[in-house]
Amino acid sequence: MKYWSQTFIPTLKESPSDAEIASHKLLLRAGLVRKLGGGLYTFMPAGLRVLRKISELCREEMDRAGAIELAMPFIHPVENWQDGPRWAAAREIMYRVDHAGAGKGRSREPEFVLGPTHEEVITPLVKSEITSYRDLPKNFYQIGTKFRNEIRPRYGLMRAREFVMKDAYSFDATDESAVVSYNKMKAAYLAFFARCGLKTIAVEADTGVMGGSFSHEFMVPAPVGDDDIVYCDESGYSANREKATSGLVPKDFTDAAPAGALEEFATPGVVTIAALAAAPYSVAADKQFKTLVYMGDGKPFLVILRGCDELEEAKLGALGFQLCRPATAEEIEPVLGAKPGSLGAVKGTIKNFAALAGVFADHAIHLVGNGTTGANKDGFHLRNVNVVRDLQITQWGDFRTVRAGEPDVKSGHPLKMARAIEVGHVFKLGTKYSEKFGAVYTDDQKQSHLMVMGCYGIGISRTLQAVVEQSNDADGIVWPWHVAPWQVLIVNLDPQDAAAAELCKKMALAAEAAGADVLIDDRAERPGVKFKDADLIGLPLRLTVGGRGLKEGIFELKWRNAKEVTKVPVADAEGVVTQAVRDAASKA
RNA sequence: CGGGGUGUAGCUUAGUCUGGUAGAGCGCCUGGUUUGGGACCAGGAGGUCGUAGGUUCGAAUCCUAUCGCCCCGACCA
C-alpha cells in the first residue's frame, strides 16, 4: 500500500494551456506526466505505474504467445542503417548521436543514431546467431524507448519524439510458418488491448516505409485520431483509408465504346479540374482524366485518375519505389511537353515517353469511358478520349482515396468512415530485411534459404493515453481495472483519527491480499479536495472512511464508473473489500 | 518545411490596439476560524513581461531578428 503523503501526485485544478484534447489535459491534471519540451514527457510516479502495468500486460501476452524478451541498444551504429534497405527513407526521422564536446567537431557522416525501431539491429544479430532450421521459428521482443524526429509532435504522448514501444521480430523458415507467427501476434495483440480495457479494431493497413507484404493496424476509434478507417459492418471489412478499396467498378463492367474521334480544343488559362468543369467547357469532373506526375527514385511516372478522385499517396508504395514525391513543373515540362494543367496520357502526345518509369492508371477511370484530358500542349485539351483506345497505360492499379458511402467490395453496402488512433501495427515483412542482411538458414536438405520475417509494434505510451482518451468523464479519468496506477483508493477524511487510520490499513491489507494495489489518501486536506482528486485520478474502487460514518459504524464503497454509493458496516469491511476486489479483477 | 496562433509568477490569465515603469484568481508560506464534494478571514513571499537588438526622455506595449510552444498539412506506434 502507498500513502498519498508518501508519494507525489501533483494534481491541477486547471489544465495547462498547451493541452488541447481531453486525454492530454487529464494526463497533466491527474499528475501523471509533465512536459519537458515538445514531444518529451516525464512520467511522474503515478504515470510511471500505469506505464509499467501496461508494459507488464504486454509482456505477459507476448510471453504467452511464445515471444522471447531481449533488450537491444538504443544507440545504433549508423552502418546498420546504411546497410539496410530503407536508409534513404528512414534517415529523416532519426536523431544522430553526437558528442557534446565544444572542441573539434566531426565532419564525417554521423557514426551513431538513436534507434527509431530495430529491424536493422535484430536482423544482423539473428543472421549471426541462427543458421539452422532447427532454431526456427523464433520471435524476439523488447519493451523500450524509441526515438523519432517527428515532424510534428502532437497531443502529449500521442505522437512524441521519444516514446515507449514494444517491438517484436519473428523469423520463420517458410512463408506458411511466417503467417502462423503473424497470426499468433495478431491474437496476442487483441488479447493485450482487451486487458487494457481498450476497444480496438484490427484493420488492413499500408506497410509504408517498413515494407513487407501485408499488415494490420490496431485502432482505437476516437475523433482525435490521426488515421481514417474505412469499414463495413455487414461484411466485417475494415481498413486504413490509405489501404482501403471499394467496389466502385462492378466486376462485370464493360468499357464504353469510343464515342467519336479524338478532338483537340483550346482551353486558354484552364489548369484545374474545376476550371474545366465550369462554363463554357462544362466537362463534369467525373468525365475528366486527372494526370499526375510523380518522381519515383528520381524517375518520373504518371498516375491517371478520374477528375473527381483524389490520389492516395500511400498506395504508390505498391509500385516499388523507395521514395516518391510529386514532380516539379521544371521536371514535368521536358518529359510531357506541357506544364501542369494541360497534361494527359493519350498515345502519341507524350513528348518523351521513354523517360517515364510508367503510366499507372486507377481502375476507376474505366467509369469515365470517354472523357477529356490534357493534350500535353499548353492551353489545349482533348475530348472523346476513350479509356481503351486512346490512353497509353503500362499498369493498372488502385490509387484513389476511398470515400464514405461507396459500396463495400463484398457486401455492396455503403462503407463507413471514422477517425482512430493507431496503437499497434503488425507487419508480415517477408524477406526484405533478411535478404539485405543475409539472414539465411540451412534446411534439412542442406539448402540455404532466406528467413521470412515479421515485425510487430505496440505504442505502449500511446496506448496509455488512448486508454485515458477512451475512458474519462467530466470529473476525470475512469481507469480500467488492470491499467489503473492503483486499483483501490482509500480516502481517509480524518487522518488524525486513530480508529479511521486503523480501518484504512485493515482494508488496504485485505484489498492487497485479494490482489489489488492500494493508495491511501491520508493528506490533511478538506473532504471536497479529496473527492475531487479521487475522481480526477480515477482509481476504479473508492473506499471512504470518515468520522461521521464511523459514528454510525459504516464506511462507503463507490466504483468510479458508477453513481451509487454503498454504505458498508465496519464489521464487514475485510470481507466486503476482498469480495469487491475479486469481482472486479475477474470481470476486467 | 508551408499555413495559422501564442509566449506576462508554479498554473490560469488581465494589461499590448492608444508607450508612463506590472494586476488578479488558483497554488505556496504564517496565523486564526473551519471540516462529507476544489472553505473563509488577515498577513506574506514570488515576475530580467521568452531572448537579443532597435526607436523613444521613457517599452510588457511600437519595429527588427531569433528561440520555444500550440493548432492545421506531409510522417508514424
Does the side chain of A/Arg159 get closer than 4.0 angstrom to OP1 or OP2 of B/rC76 through an N or O atom? no

P atoms of B/rG27 and B/rA74, separation to the nearest Å
43 Å

With sequence neighbours left out, the residues meeting ring pair (Phe, Tyr, Trp, His ring centres under 6.0 Å) with A/Phe193 are A/Phe218

Looking only at B/rU12, B/rA77, B/rC76, the nucleotide nearest the A/Pro16 side chain is B/rU12

- Taking the same atom, C1', in B/rC41 and in B/rC49, what whole-Å distance lies between them? 32 Å

Taking B/rG36, B/rC71, B/rC70 as options, the one with an atom nearest any side-chain atom of A/Asp18 is B/rC70

Under a 4.0 Å heavy-atom cutoff, the residues of residues 485-508 of chain A touching RNA chain B are A/Leu493

- Taking only side-chain nitrogens and oxygens of A/Tyr155, does any of them come within less than 4.0 Å of OP1 or OP2 of B/rC72? yes

A correct 5'-to-3' footprint of nucleotides 42-47 of chain B, with B, S and - meaning base, sugar-phosphate only and no protein heavy atom under 4.0 Å, is ------

Which of B/rC11, B/rG38, B/rG36 is nearest the side chain of A/Glu14? It is B/rC11

Residues at least two apart in sequence or cross-chain that pass salt bridge (Lys or Arg N to Asp or Glu O under 4.0 Å) with A/Glu20, listed by chain then number, are none

Contacts of A/Phe399 meeting ring pair (Phe, Tyr, Trp, His ring centres under 6.0 Å) (sequence neighbours excluded), chain-then-number -> none

Against the side chain of A/Glu20, the closest entry in B/rC75, B/rC70, B/rG27 is B/rC70

From the candidates B/rC71, B/rC75, B/rU35, the one with an atom nearest any side-chain atom of A/Arg526 is B/rU35

Among the nucleotides B/rG38, B/rG37, B/rG36, whichever has the atom closest to the side chain of A/Thr11 is B/rG38

So, with a heavy-atom separation below 4.0 Å from RNA chain B, the residues of residues 529-536 of chain A are A/Val529, A/Phe531, A/Lys532, A/Asp533, A/Asp535

Work out how far the C1' atom of B/rG46 is from that of B/rG23, and round it to whole angstrom.
14 Å

| query | Does a donor on one side chain sit under 3.5 Å from an acceptor on the other, for A/Tyr433 and A/Arg86? | reply | yes

From the list A/Glu204, A/Lys243, A/His425, side chain to side chain donor-acceptor pair (under 3.5 Å) partner of A/Ser215 resolves to A/His425

Taking B/rG38, B/rA74, B/rG25 as options, the one with an atom nearest any side-chain atom of A/Ile151 is B/rA74

From the candidates B/rG37, B/rA77, B/rU12, the one with an atom nearest any side-chain atom of A/Ser17 is B/rU12

State whether A/Arg152 places a side-chain N or O below 4.0 Å from either non-bridging phosphate oxygen (OP1 or OP2) of B/rC72.
yes

Note: contacts of residues 310-318 of chain A with RNA chain B (heavy atom, under 4.0 Å) are none

Sorted by chain and number, sequence neighbours left out, salt bridge (Lys or Arg N to Asp or Glu O under 4.0 Å) with A/Asp309 holds for A/Arg306, A/Arg400, A/Arg403

Every protein N/O within reach of nucleotides 4-6 of chain B N/O, cut-off under 3.5 Å:
none

For A/Phe360, the ring pair (Phe, Tyr, Trp, His ring centres under 6.0 Å) test, sequence neighbours excluded, returns A/Phe301

With the side chain defined as heavy atoms from C-beta on, A/Arg29 is closest, among B/rG36, B/rG38, B/rA77, to B/rG38

Here the side chain to side chain donor-acceptor pair (under 3.5 Å) pairs for residues 545-572 of chain A, sequence neighbours left out, are A/Asp473-A/Arg560

Its dot-bracket string being built from Watson-Crick and G-U pairs below 3.5 Å, with | for another strand and [ ] for crossing, RNA chain B has the pattern ((((((((.[[[[.)....(..]]]].((((((.....)))))).....[[[[[..)....]]]]])))))))....

Rounded C1' spacing from B/rU61 to B/rC17 in Å:
9 Å

